[in-house]
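Accompanying notes for the structure given below.
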Amino acid sequence: MLVSLSVRDIVLIDRLDLTFGDGLCALTGETGAGKSILLDALGLALGTRGDSGLLRRGVDQATVTAAFEPPSAHPVWRLLDDHGLGDGERLMLRRVLGADGRARAFVNDQPVGVALMREIGDSLVEIQGQANKRGLLSAETHRVFLDGFGGLDGDADDVAKRHEKWRAAATALAEAETRLAESRRDEEYLRHVLAELDDLSPVAGEETNLADRRTVLMQGEKLGEALAAARGELTEGRGVDDRIGTAQRLVLRTAERAPEVLDGVIEALDRALIETAEAMAALDAASRDLAPDPERLEATEQRLFALRAAARKHNTDVDSLAALRDDFAARIATLEGCSEALETLTKVANNARKAFARAACRLSKKRAKAARELDRQVIAELPHLKLDRVVFETGLEALDEDDWSAQGAERVSFAVATNPGDEPGAIGRIASGGELSRLMLALKVVLTRVGATPTLVFDEVDSGIGGAAAAAVGERLAGLGESFQVLVVTHSPQVAARADHHFRVVKKDRDQGALTRVEPLENDSRREEVARMLAGAEITDEARAAADSLMHGATG
């Protein structure tokens, strides 16, 4: 709640330090005393726009400091921690306004941007009756209030989670479709190249073998002549094999005389015969292989040149063609696998969408039921606040699928019509002044358990009413004071009599000009103020008695 407010040099206030309590706090005083100045000062501390016109005449700087003690579970503490501003159990908001209209913002004595100060302020105080578009006047909050009223926060959370899953699945599907489209553009080329490489069937190391074979085939005639000459040397005259055979027979005839010496000679001659025969066979085979063969040479060259041409085409070497073929085959296989994966992602996205749609539909039905009950309860409150001609309506506008969001499938808005037959419109546009404040009061009474803002401010909520209607306003403000800290600027004695804390705002003339003062009231001084509100300038005993009756009736 708001614990204290310190104001320095704002309009008619030179120096002011106020301490507030919980419950209902009433601010009273004659018209023009400066009650609205207090709200302007509080708004400045909460992050509203600064204006040099707020400075007291003759000063260069004005300062407003508001101290709060939010509940330990209040979300503002997490917000402070996220920005490194958490500090103890008390929260200090300070705004310094210069004569040039520039304002500096501080949270717990640390400089911050005004946007953050406004976010913090909005979570702590809701001011009704001013020309702002926050709190219940902001259509962005209406869904939150309706869900809170209907006890639908769990359903709303479920919808938000399902929407997140749906969007994640839809994003994954879109990315896969993009990748597949890119691959599809290359598919024809990939398959064409793969077919070419499959026809070529390249083998690593094949270029070297082909080049060696080509060289040999090109030199076939010369090599053949050399081999023929070599064969002639082996076969000329009796021939090498005949001579070795003769030598072997001569040795065998004498082998019995010296077997240990000649056995080795005989074995060597045997090997020489065998190897000579093998040499002759190899020479014959080589001669046949190296015989001039233009067709074989042409085939070898064609194969070699085809491999080299393919390597140049793909900007690689011949030995890498086999790996390139495997890579293209893998890319096509991946492409085919992407199609299967796309089908799976499509099913996941469709199922996630259906799950969100079902959850959103359930929430929509519950919201419609809650909206009818909210309308009924608010409309039941309005006659007590002299708003019996006002029509309140909670609108649920179904959204196109493209506009579905984590908040559901409809837009929630509170609308009013102040005259019979009028079309309901936005609260802030249709209602105005005290009428708007009382309408906000009716809503707050119905939405007592909804919302985390611990301090409510009502400005001129009793404007234009009196008697039973003013008493009803006071009763409802006191009821709100049991759940919230409520500050009310009022001219109604029925409202002031209900207050737990009472402050009187007065304007006093000084040599340096008029100054606004705020006086806490207790017991007799409070009775005098309520009597003044009843009687006017001259307070009578009858007014005092009536004040006693109001105050005792409020406490009784």
Roughly how far, to the nearest 0.5 Å, is the [atom2] atom of [Y] from the [atom1] atom of [X]?
{"X": "Leu18", "Y": "Ile13", "atom1": "CG", "atom2": "CD1", "value": "8.0 Å"}
{"X": "Glu126", "Y": "Met440", "atom1": "CD", "atom2": "CE", "value": "8.5 Å"}
{"X": "Ile120", "Y": "His83", "atom1": "CD1", "atom2": "NE2", "value": "7.5 Å"}
{"X": "His74", "Y": "Leu124", "atom1": "NE2", "atom2": "CG", "value": "5.5 Å"}
{"X": "Asp109", "Y": "Leu85", "atom1": "CG", "atom2": "CG", "value": "11.0 Å"}
{"X": "His552", "Y": "Arg527", "atom1": "NE2", "atom2": "CZ", "value": "8.5 Å"}

Inspect the surroundings of [atom1] in [X] and state if more than 12 heavy atoms from other residues, nucleotides or ligands are less than 6.0 Å away.
{"X": "Glu69", "atom1": "CD", "result": "yes"}
{"X": "Glu401", "atom1": "CD", "result": "yes"}
{"X": "Glu164", "atom1": "CD", "result": "no"}
{"X": "Gln110", "atom1": "CD", "result": "yes"}

Report yes or no: does [X] contribute a side-chain atom to a donor-acceptor pair with the main-chain N or O of [Y] at less than 3.5 Å?
{"X": "Asp147", "Y": "Leu152", "value": "no"}
{"X": "Asn350", "Y": "Thr346", "value": "yes"}
{"X": "Arg8", "Y": "Asp14", "value": "no"}
{"X": "Asp500", "Y": "Leu24", "value": "yes"}
{"X": "Arg162", "Y": "Phe356", "value": "no"}
{"X": "Lys507", "Y": "Gly34", "value": "no"}
{"X": "Asp400", "Y": "Asp402", "value": "no"}
{"X": "Gln485", "Y": "Leu2", "value": "yes"}
{"X": "Arg167", "Y": "His163", "value": "no"}
{"X": "His502", "Y": "Leu521", "value": "no"}

Subject >> Pair Glu528 + Arg504, salt bridge at N-O below 4.0 Å >> reply: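 No, no charged N to carboxylate O under 4.0 Å.
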
Original post:
When you check the gap from the basic side-chain N to the acidic O, do Asp541 and Arg544 get nearer than 4.0 Å?
Top reply: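 Between Arg544 and Asp541 there is a salt bridge, with a charged N closer than 4.0 Å to a carboxylate O.
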
With a 4.5 Å cut-off on side-chain heavy atoms, are [Y] and [X] touching?
{"X": "Leu487", "Y": "Val125", "answer": "no"}
{"X": "Ile10", "Y": "Leu44", "answer": "yes"}
{"X": "Leu385", "Y": "Val473", "answer": "yes"}
{"X": "Leu480", "Y": "Val445", "answer": "yes"}
{"X": "Val412", "Y": "Gln407", "answer": "no"}
{"X": "Arg476", "Y": "Arg438", "answer": "no"}
{"X": "Leu38", "Y": "Leu27", "answer": "yes"}
{"X": "Arg362", "Y": "Asp155", "answer": "no"}

Original post:
If we ignore angles and hydrogens, is there a donor and acceptor under 3.5 Å between the side chains of Gln377 and Glu381?
Top reply: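 The answer is no; no qualifying pair exists.
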
